**Student:** 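I'd like to ask you about the structure that follows.
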Amino acid sequence: MKKKIVILGSTGSIGRSALEVIRRDKKSFDIFLLTANNNYKKLIKQAKQFKARNVVIKNQKYYLRVKSLLKKNKTKVYSGNIPLNKIIKTKIDYTVSAIVGLAGLQPTIDAIKLSKVVAIANKETIICAWQILSKLIKKYKTKIMPVDSEHFSIMELTKNISNEEIAEIIITASGGPFLNLPAYKLKKIKPNEAIKHPNWKMGKKISVDSANLMNKVFEVIEAHKMFKFEFKKYKIMIHPQSYVHSIIRFKNGLIKMILYNTDMKIPISNILYNSKNKNLEIPNIEIKKINNINFKKVNKEFFPSIKIIDKYVKFGSSTPIIINASNEVLVNYFLKEKIGFLDIVRTINRIFKDKEFTKYARRNAKSVNDIKFIDNWARLKTIDMCVR
Ligand code: NDP
């Protein structure tokens, strides 16, 4: 039987990698749904190529265009904030949750209710809404698996391992494009420089997050939420080659790590094929390259974002919602050249000092509306700080 698949954010970097895995083995998959925000041309191309049963183009401006360009195909076209259960009436085998930002929250919630397995890349949703997702996962008996390479590695390395057996969990960071730049040059960084990651081809937002290491702040929170190992066990180390994604130091003296090439098709296909050693025809790391890998401590003065990690546990449980919302606004402003590269982390730090911050950080976000309320406060506060 073909596996029924949904890809939320199919036109993005992760979505395209997922489709690339599927393209090599089309006979095994049945694409039930592909979604995009604005990129209707790519969505149409994907719908035709993969004979998708349904597509959602979120921006209603493109609805009629997509509908008319797909009229000779069997694909049904939807638009706007449509709940997934209005489109899909059957149990889905795998959903890949790959929308960027908190915009992925509601579709991911819908997908958990509909799917046997959710492969989740949308880390913003994990860090803001894990308290909601984890309840739904239990209720609907859905398996949730991290796509992020670091978290995929932690999952693989800690199967049947308890917190007591682990001394340290090291999440590696490439250091991004500016690792070896003199600090004074950071002030003048342009968006096109920040999105040129040395090792990975990713969407713009996560590329900026990787350049100032905010991505690692999110990844530690993401891991802490998903895996239930103690927060103090997480460490970050710079590993410029990005071959090792996470390292587990066990109390019994063993250290385990997984190495693989910087290609997101590897974690995605391992999830879609249930780690069955499927031959992926993806270049593996040449062993001789392992002679030249290295690790070093993070320079927190050069990457001040790293200091935000401790603030995550210091204040209330909704702190990640505020950090994420503020960061989404700031990255967008930086990409539009409204603020400088260093203003991103600087402004997030300012929000911690706002007189209303503690009140919002301590709010218990039990529902999507609670999250949106806190998210909205943080977005407006951040916009306010940028115009002042
Ligand atoms: P991209 O920017 O490349 O793609 C984002 C996708 O989300 C696109 O399909 C986009 O549609 C869609 N989208 C954007 N905004 C909205 C919205 N408001 N409503 C609905 N859909 C929307 O991002 P990436 O693929 O790089 O990243 C996706 C997620 O995966 C992020 O959370 C990221 O942190 C995470 N991740 C990514 C990795 C990578 O290697 N890229 C690695 C690990 C995690 P459109 O194309 O029309 O704009």
Side-chain angles (χ1 to χ4, degrees), residues 6-21 33-47 55-63 65-66 78-82 84 95-108 110-111 118-129 145-154 171-174 176 195 197-211 214-219 221-223 226 242 245-246 260-268 271 320 324 327-328 331-332 335 372 375 379:
V6 165
I7 302 179
L8 305 170
S10 64
T11 50
S13 158
I14 292 286
R16 291 193 313 262
S17 292
L19 282 174
E20 192 53 33
V21 171
L33 175 66
L34 300 176
T35 81
N37 192 29
N38 290 313
N39 196 346
Y40 72 92
K41 287 187 183 157
K42 180 153 267 145
L43 185 67
I44 290 169
K45 213 168 153 190
Q46 292 177 340
V55 293
V56 176
I57 181 75
K58 168 96 181 288
N59 190 337
Q60 291 169 333
K61 193 164 95 181
Y62 304 113
Y63 171 64
R65 226 173 296 178
V66 177
Y78 300 86
S79 191
N81 285 317
I82 174 145
L84 297 193
T95 290
V96 180
S97 165
I99 291 174
V100 62
L102 202 62
L105 172 58
Q106 192 57 53
T108 302
D110 291 354
V118 174
I120 186 162
N122 179 210
K123 64 183 79 182
E124 296 87 352
T125 284
I126 299 173
I127 69 161
C128 296
M145 302 184 83
V147 170
D148 222 340
S149 64
E150 295 77 4
H151 304 74
F152 176 78
S153 304
I154 296 172
I171 291 181
T172 61
S174 71
I195 61 175
H197 196 278
N199 306 338
W200 296 94
K201 284 194 201 105
M202 308 184 286
K204 286 183 186 170
K205 194 251 175 194
I206 187 175
S207 298
V208 176
D209 290 345
S210 301
M214 275 308 291
N215 189 40
K216 294 298 141 186
V217 178
F218 296 136
E219 285 180 358
I221 302 175
E222 181 185 358
M226 287 195 100
S242 300
H245 305 275
S246 290
Y260 59 89
N261 246 331
T262 51
D263 187 332
M264 291 308 289
K265 291 198 284 300
I266 297 172
I268 293 168
I271 295 175
N324 177 67
N327 185 62
E328 283 196 33
V331 170
N332 192 22
L335 289 170
K372 283 187 181 162
D375 172 273
R379 281 176 202 260

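When reading the values below, keep in mind they use all heavy atoms of this one structure, side chains included, and skip hydrogens, waters and symmetry mates. This is a predicted model, so every value here is computed, not measured. All ligand and atom numbering here is 1-based and tracks the order in the structure.
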**Student:** Check the side chains of Ser97 and Thr108 for a donor-acceptor pair under 3.5 angstrom, ignoring hydrogens and angles.
**Tutor:**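 Yes, a side-chain donor-acceptor pair sits under 3.5 Å.
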
**Student:** May I ask you to test the Thr11-Gln46 pair for a side-chain heavy-atom distance under 4.5 Å?
**Tutor:**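 They are in side-chain contact.
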
**Student:** Run through Lys205, Glu222, Lys123 and flag the one making a side chain to side chain donor-acceptor pair (under 3.5 Å) with Asn215.
**Tutor:**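 Of Lys205, Glu222, Lys123, side chain to side chain donor-acceptor pair (under 3.5 Å) with Asn215 is met by Lys123 alone.
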
**Student:** Can you tell me which residues line ligand 1 if we count any heavy atom under 4.0 angstrom from one of its atoms, in chain and number order?
**Tutor:**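 Residues Gly9, Ser10, Thr11, Gly12, Ser13, Ile14, Ala36, Asn37, Asn38, Asn39, Lys58, Ala98, Ile99, Val100, Ala103, Ala121, Asn122, Lys123, Glu124, Asp148, Met202, Gly203, Ile206, Met264 each place a heavy atom under 4.0 Å from ligand 1, listed by chain and number.
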
**Student:** Taking atom types as modelled, find out whether Asn59 and Asn38 have a side-chain donor-acceptor pair closer than 3.5 angstrom.
**Tutor:**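 Yes.
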
**Student:** Distance only, no hydrogens: is a donor on one side chain within 3.5 Å (strictly under) of an acceptor on the other, for Asn332 and Glu328?
**Tutor:**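 The answer is no; no qualifying pair exists.
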
**Student:** Are the aromatic ring centres of Phe152 and His245 under 6.0 angstrom apart?
**Tutor:**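 No, too far apart.
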
